[in-house]
Amino acid sequence: QVHLVQSGAEVKKPGASVKVSCEVPAYTFTSYGFSWVRQAPGQGLEWMGWISAYNGNTKYAQKVQDRVTMTTDTSTSTAYMELRNLRSDDTAVYYCARSTPGSAFYNYAMDVWGQGTAVTVSS
Amino acid sequence: DIQMTQSPSTLSASVGDRVTITCRASQSISSWMAWYQQKPGKAPKLLIYKASSLESGVPSRFSGSGSGTEFTLTISSLQPDDFATYYCQQYNIWYTFGQGTKLEIK
């Protein structure tokens with residue numbers, strides 16, 4: 001059973017940045033891509049973007065594309081999501097999920113998820 | 001962007017009932033539809049992929065159908081563990097989720 005392990009909860013002030021990590025079993029890492037999905041309190045799921053662990057290609061959702069950067073570190077088999085210029089409406093639980101493998105989009109559902117990282121933005 | 005419209009937003013049912021949740025895509029997504037179950041405080045869990053394929057380990061009382069723009073998730077006989085929120089997701093062009101359906105105990 002594959003598990004994705006995310007970093008712990010964060011509390012940030014408006015205007016700050018947050019970087020969430022997602023550790024992946026090394027033997028699977030470069031075979032897949034990883035999406036980031038967030039869920040505001042009491043709300044639904046919102047896809048934020050995807051990164052290929054194979055070559056670092058990214059695709060960001062339009063809503064966050066100016067403030068988000070997704071990266072990977074193959075030496076530690078870890079994916080990262082950094083969100084800048086935080087606002088109160090960025091308060092949410094952020095999930096990483098295994099998704100499209102390879103270097104470009106391929107029809108692949110999100111079959112393995114991390115446990116979620118709560119990010120609270122408050123002054 | 002492809003929009004997903006899921007209905008109903010809330011569904012009240014009893015153990016043993018057969019329930020159906022519907023999702024409509026704003027354009028054809030072929031069979032690239034997935035369904036997820038989410039319980040409070042937990043990550044979503046993949047139930048169905050490619051519209052009708054059951055993910056490994058998921059009970060056979062869950063089934064999915066549809067193609068093009070209209071899709072359904074059916075639970076044939078509700079069990080106590082099934083009361084949760086369900087989301088549809090298109091993955092024809094990147095990813096979009098439906099708004100969710102909260103399945104409550106009647």
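Treat the numbers as computed from the prediction; the structure is a model and nothing was measured. Proteins come first, then strands; the chains are lettered A, B, ... in the order of their sequence lines, and each starts at number 1.
Atoms CD and CG, on B:Q89 and A:L45 in that order, are 8.5 Å from each other to the nearest 0.5 Å. Summarising the geometry, atom OH belonging to A:Y108 is positioned 10.0 Å from atom OH belonging to B:Y91; distances are rounded to the nearest 0.5 Å. Distance CD1/B:I93 to CG/A:N107: 9.5 Å, rounded to 0.5 Å.
A:Y80 and A:V24 are not part of a single hydrophobic cluster, where members link through side-chain heavy atoms under 4.5 Å apart. B:F83 is connected to B:I75 through a chain of hydrophobic side-chain contacts under 4.5 Å among Ile, Leu, Val, Met, Phe, Trp and Tyr, so both are in one cluster. Residues A:I51 and A:V5 fall into different hydrophobic clusters, defined by Ile, Leu, Val, Met, Phe, Trp and Tyr side chains chained together at heavy-atom separations under 4.5 Å.
In plain terms, the two heavy atoms of B:A43 and A:W113 that are nearest each other are CB-CB, 3.9 Å. Of all heavy-atom pairs spanning B:Y87 and A:G44, the tightest one is OH-CA, 3.5 Å.
There is no contact between A:V112 and chain B, counting heavy-atom distances below 4.5 Å. When heavy atoms are compared at a cutoff of 4.5 Å, A:Y95 approaches chain B solely by way of its side chain, counted from C-beta outward. In this structure, the portion of A:Q39 lying under 4.5 Å from any heavy atom of chain B is its side chain and not its backbone. Both the backbone and the side chain of B:P44 come within contact range of chain A, each with at least one heavy atom under 4.5 Å from a heavy atom of that chain. The part of B:K42 that comes within reach of chain A is its backbone (N, CA, C, O), which places non-hydrogen atoms under 4.5 angstrom from that chain.
No hydrogens or angles considered: a donor-acceptor pair under 3.5 Å links the side chains of B:Y95 and A:T100.
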Show which side-chain atoms of residues 97-106 of chain B pair as donor or acceptor with protein atoms under 3.5 Å away, not counting sequence neighbours.
{"unit_1": "B:Q99", "atom_1": "OE1", "unit_2": "B:Q6", "atom_2": "N", "d": "3.0"}
{"unit_1": "B:T101", "atom_1": "OG1", "unit_2": "B:Q6", "atom_2": "NE2", "d": "3.1"}
{"unit_1": "B:T101", "atom_1": "OG1", "unit_2": "B:P8", "atom_2": "O", "d": "2.5"}

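Residues of residues 47-58 of chain B that come closer than 4.5 Å to chain A, counting heavy atoms only, are B:Y49, B:E55, ordered by residue number. Applying a 4.5 Å heavy-atom cutoff, the residues of residues 9-35 of chain B that approach chain A are B:W32, B:A34.
In terms of heavy-atom pairs under 4.5 Å with chain B, the best-connected choice from A:Q115, A:K59, A:Q62 is A:K59.
Here side chain to side chain donor-acceptor pair (under 3.5 Å) pairs that include residues 47-57 of chain A, with residues two or more places apart or in two chains, are A:S35-A:W47, A:S52-A:N55.
By the neighbour-count criterion of 12 heavy atoms within 6.0 Å, atom CG of A:D89 is densely surrounded, having more than that number from other residues, nucleotides or ligands.
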